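In what follows, a single structure is set out as structure tokens and then discussed.
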Amino acid sequence: MSSQLAPLSPPLGVNPAYCVPRQTVLVMKEKVWSLSGDTFHIVDENGHEVVQCRGQAFSLSDRKEFADSAGRPLFSLRTRHFTLHKSFYAEDAGGTVLFEVKGKFSIGSSKMIATFTNRSNNAPIELLVKGDWFDRSATITMGNQVIATIGRSYFNMREVFGGQQTYYVTVAPGVDLAMMAAICVCLDEKENEKK
């Protein structure tokens, strides 16, 4: 069992319905035979689907559609082209940018910065995403507070033969689960770029 993360108040994120009052572990499995690639099955620790992430085949911006468990769209995650470091943005159905995740230069680790306007209080927020894939982990922090941790499963047959990963994202109470799942997908994309 992972250590307990401190709850956030006011809730943190762009999707208030996904800011639950308990710590949640998201289990994110890449689908093995997805033609579009980067399609994830995302459930909580009890096996209940939390959010859907479907990669779009033949998309120039590597678009991934995030939807609720009933298939209703939440946002599209896209790659921002012509940037020095791999960067992403999420937009709603109307084209409004909800959050951005930008890669930063870092030796020996992956580093990204996520920025957004917090829906619950309209405050500008900056999160640091720092990963060390050698020990297969990452943290997402706001200031000095850890709001989520990401771990990968150790080698399994799917990883060895198919390149698919399984991630375990532990999210603090009051933090947007859908947005944390999207940030994990961004980190996965950034790491895949190195291969």
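Quick caveat: nothing in here was measured; it's all calculated off a predicted structure.
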Taking every heavy atom of Pro10 against every heavy atom of Asn121, the minimum-distance pair comes out as CG-ND2, 3.4 Å
Checking side chain to side chain contact (heavy atoms under 4.5 Å, CB included) for the pair Glu91/Leu98: CA distance, chi angles, key distance, verdict?
CA-CA 5 Å; Glu91 62 184 10; Leu98 301 174; 5.8 Å; no
Rounded to the nearest 0.5 Å, the NZ atom of Lys29 sits from the CD1 atom of Ile42 at a distance of 12.5 Å
Applying salt bridge (charged side-chain N to carboxylate O under 4.0 Å, His left out) to Glu126 and not counting sequence neighbours gives none
Only one of Glu65, Lys64, Arg63 passes side chain to side chain donor-acceptor pair (under 3.5 Å) with Ser76, and that residue is Glu65
- Is there a side-chain contact between Cys19 and Leu12 (heavy atoms, below 4.5 Å)? no
Contacts of Ala17 meeting side-chain contact (heavy atoms from CB on, under 4.5 Å) (sequence neighbours excluded), chain-then-number -> none
Residues passing the salt bridge (charged side-chain N to carboxylate O under 4.0 Å, His left out) test with Asp68, sequence neighbours excluded, are Arg72
Here the gap from Asn15 atom CG to Leu177 atom CG, rounded to the nearest 0.5 Å, amounts to 9.5 Å
**OP:** Flag the pair Met28 / Val185 as yes when at least one side-chain heavy-atom distance between them is below 4.5 Å, and no otherwise.
**Re:** yes
> Side chains of Met180 and Ile150: does their closest heavy-atom pair fall under 4.5 Å?
Replying inline: no
Glu49 meets the salt bridge (charged side-chain N to carboxylate O under 4.0 Å, His left out) criterion, sequence neighbours left out, with none
Across all chains, not counting sequence neighbours, the side-chain contact (heavy atoms from CB on, under 4.5 Å) partners of Asn122 are Thr117
Sorted by chain and number, sequence neighbours left out, side chain to side chain donor-acceptor pair (under 3.5 Å) with Thr115 holds for none
By ring pair (Phe, Tyr, Trp, His ring centres under 6.0 Å), Phe66 pairs with (sequence neighbours left out) Phe75
message = Checking Leu187 against Met112 for the side chain to side chain contact (heavy atoms under 4.5 Å, CB included) test, could you report, in this order, the C-alpha distance in whole Å, the side-chain angles of both residues, the deciding distance, and whether it holds?
response = CA-CA 8 Å; Leu187 201 53; Met112 302 180 93; 3.8 Å; yes
Between the CZ atom in Phe88 and the CD1 atom in Ile183, the distance rounded to the nearest 0.5 Å is 11.5 Å
*State, yes or no, whether a side-chain contact exists between Ile140 and Val146 at a heavy-atom distance under 4.5 Å.*
no
Phe99 and Ala182 have their tightest heavy-atom pair at CZ-CB, 3.7 Å
CE of Met179 to SG of Cys186, rounded to nearest 0.5 Å, is 10.5 Å
Taken in chain and number order and not counting sequence neighbours, the residues that satisfy side-chain contact (heavy atoms from CB on, under 4.5 Å) with Asn46 are Asp44, His48
Review point. Would you say the side-chain atoms of Ser9 pair up with the backbone N or O of Pro7, donor to acceptor, closer than 3.5 Å?
Key: no
Side chain proximity check, Gln4 to Gln23, heavy atoms < 4.5 angstrom:
yes
**Request:** Would you please test Asp176 and Val14 for side chain to side chain contact (heavy atoms under 4.5 Å, CB included) and show each step?
**Result:** CA-CA 7 Å; Asp176 184 337; Val14 297; 3.6 Å; yes
How about Leu128 and Ile113: do any of their side-chain heavy atoms sit closer than 4.5 Å? yes
- Close side-chain approach of Val51 and Leu74, heavy atoms under 4.5 Å: yes
Nearest heavy-atom contact between Ala138 and Gly131 is CB-CA, 3.5 Å
Quick one: do Leu5 and Thr170 satisfy side chain to side chain contact (heavy atoms under 4.5 Å, CB included)? Show the steps, please. CA-CA 8 Å; Leu5 299 175; Thr170 303; 4.1 Å; yes
Taking every heavy atom of Ser120 against every heavy atom of Pro11, the minimum-distance pair comes out as OG-O, 2.7 Å
Exactly one of Leu26, Val25, Val27, Val50 clears side-chain contact (heavy atoms from CB on, under 4.5 Å) with Val43, and that residue is Val27
- Query: Quick one: does Phe116's side chain get under 4.5 Å of Leu127's, heavy atoms only?
  - Reply: yes
Across all chains, not counting sequence neighbours, the side-chain contact (heavy atoms from CB on, under 4.5 Å) partners of Ala67 are Gln52, Arg54
